[in-house]
Asks: 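Got a structure for you, written out below as structure tokens; questions coming shortly.
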Amino acid sequence: MPFTQPKPLPQPPGEVEGAIILVVDDERVWRTILETDLRLLRYRVVSAADAEEALKVAEASKPELGIIDLMLPEPVDGHALLERMRERGLEFPVIFYTAYPVGGSEQDDEEGIVRYLSKSVDRADLYALIPPAVIASRSHG
């Protein structure tokens, strides 16, 4: 398979600049990649390695969007983490970002889940989901 050049990362609209994005992934390399990219895109980033840490960070920072690894270490996977956040009144949109193969365009009917996205998809596609989700969340909040 030939190498595909990554898509450029366009700057998000000014109205979402500085939005707080929560990144939850047990793999440090993925947290670092996402944190670096998101900061270059002028977002504020908070991160966590597991569900327990994510709950503390989310309650303290009040993120406007979460990028959550679906396959977090047991006993609390991404879905269970989202459920616990909702129980605590943390209502922000979530993108499930996972190594698990998904179609790349799968959407969930569950309120607040923007999309399930495979880590094999170009990250520019992930970042393109952020501005509309943050804007929609602000208009409902």
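Please read these numbers as outputs of a predicted model, since none were measured by experiment.
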Asks: Provide the closest heavy-atom pair for Ser120 versus Ser118 in the form atom of the first, atom of the second, distance.
Replies: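 Closest approach of Ser120 to Ser118, heavy atoms only: OG-OG, 2.8 Å.
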Asks: Honestly curious: do Leu40 and Val29 fall in one hydrophobic cluster under the side-chain, below-4.5 Å linking rule?
Replies: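 Different hydrophobic clusters.
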Asks: Can Tyr43 and Leu65 be said to form a side-chain contact (heavy atoms from CB on, under 4.5 Å), step by step?
Replies: CA-CA 11 Å; Tyr43 293 109; Leu65 180 127; over 6 Å; no
Asks: Is there any salt bridge (Lys or Arg N to Asp or Glu O under 4.0 Å) pair reaching into residues 26-36, and which pairs are they, with sequence neighbours excluded?
Replies: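 Only Glu35-Arg39 qualify under salt bridge (Lys or Arg N to Asp or Glu O under 4.0 Å).
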Asks: Residues in salt bridge (charged side-chain N to carboxylate O under 4.0 Å, His left out) with Glu52, at least two apart?
Replies: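 Only Lys56 meet the salt bridge (charged side-chain N to carboxylate O under 4.0 Å, His left out) criterion with Glu52.
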Asks: Just distance, no hydrogens or angles: give the donor-acceptor pairs under 3.5 Å from side chains in residues 12-20, sequence neighbours left out.
Replies:
none

Asks: Please list all pairs meeting side-chain hydrogen bond (donor to acceptor under 3.5 Å, both in side chains) that have one or both residues in residues 64-76, counting only residues at least two apart or in different chains.
Replies: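 Sorted result for residues 64-76: Glu64-Arg138.
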Asks: Does Asp37 have any side-chain contact (heavy atoms from CB on, under 4.5 Å) partners at least two apart in sequence or in another chain, and if so, which?
Replies: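 Applying side-chain contact (heavy atoms from CB on, under 4.5 Å) to Asp37 gives Leu9, Ile33, Arg123, Tyr127.
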Asks: Between Asp125 and Leu129, is there a side-chain heavy-atom distance shorter than 4.5 Å?
Replies: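 Contact flag for Leu129/Asp125 side chains = no.
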Asks: Check side-chain contact (heavy atoms from CB on, under 4.5 Å) between Glu91 and all other residues, then give those that pass, not counting sequence neighbours.
Replies: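 Arg86.
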Asks: Ignoring hydrogens, what is the shortest heavy-atom contact between Gly78 and Ile68? Give both atom names and the distance.
Replies: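 Reported closest heavy-atom pair: CA-CG2, 4.0 Å.
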Asks: Would you say the side-chain atoms of Ser137 pair up with the backbone N or O of Ala133, donor to acceptor, closer than 3.5 Å?
Replies: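 A pair under 3.5 Å: no.
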Asks: According to side-chain contact (heavy atoms from CB on, under 4.5 Å), who are the partners of Arg84, at least two apart in sequence or on a separate chain?
Replies: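 Counting only residues at least two positions away or on another chain, Arg84 forms a side-chain contact (heavy atoms from CB on, under 4.5 Å) with Leu55, Val76, Glu87.
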Asks: Answer whether the closest heavy-atom distance between the side chains of Leu41 and Ile130 falls below 4.5 Å.
Replies: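 Of all side-chain heavy-atom pairs linking Ile130 with Leu41, none is under 4.5 Å.
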Asks: Could you check Ile21 against Leu34 for side-chain contact (heavy atoms from CB on, under 4.5 Å), going step by step and ending with a plain yes or no?
Replies: CA-CA 10 Å; Ile21 309 296; Leu34 294 176; over 6 Å; no
Asks: Going by ring pair (Phe, Tyr, Trp, His ring centres under 6.0 Å), name the pairs with one or both residues in residues 6-37, residues two or more places apart or in two chains.
Replies: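 Residue pairs with at least one partner in residues 6-37: Trp30-Tyr97.
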Asks: Could you measure the distance from the NE2 atom of His79 to the CD1 atom of Ile113? Nearest 0.5 Å is fine.
Replies: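 CD1 of Ile113 is found 5.0 Å from NE2 of His79.
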Asks: Kindly write out the residues that satisfy side chain to side chain donor-acceptor pair (under 3.5 Å) with Asp122, not counting sequence neighbours, or none if the list is empty.
Replies: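 Result, side chain to side chain donor-acceptor pair (under 3.5 Å) vs Asp122: none returned.
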Asks: Quick one, Ile67 and Leu38 - any side-chain contact, counting heavy atoms below 4.5 Å?
Replies: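 Ile67 reaches Leu38 side chain to side chain.
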Asks: Under the rule for side chain to side chain donor-acceptor pair (under 3.5 Å), what residues qualify as partners of Lys62, not counting sequence neighbours?
Replies: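 By the side chain to side chain donor-acceptor pair (under 3.5 Å) rule, Lys62 matches no residue at all.
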Asks: With Glu59, which residues qualify under side chain to side chain donor-acceptor pair (under 3.5 Å), at least two apart?
Replies: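 Expected list: Arg88.
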Asks: Can you name the nearest heavy-atom pair linking Ser61 to Val46, along with the distance?
Replies: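 That closest heavy-atom pairing would be OG-CG2, 3.6 Å.
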Asks: Is there a side-chain contact between Thr98 and Tyr116 (heavy atoms, below 4.5 Å)?
Replies: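 They are not in contact (no side-chain heavy atoms under 4.5 Å apart), so the answer is no.
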Asks: What are the two closest heavy atoms between Leu81 and Ala54, and how far apart are they?
Replies: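 In terms of heavy atoms, the two residues are closest at CD2-CB, 3.9 Å.
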Asks: May I ask you to decide whether Lys119 forms a salt bridge with Asp25, counting only side-chain N to carboxylate O separations under 4.0 Å?
Replies: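 Looking at Asp25 together with Lys119, the answer is yes, because their closest N to O distance falls below 4.0 Å.
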Asks: For residues Leu22 and Met85, determine if any side-chain heavy atom of one lies less than 4.5 Å from a side-chain heavy atom of the other.
Replies: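 A side-chain contact exists here, since the closest heavy-atom pair is under 4.5 Å.
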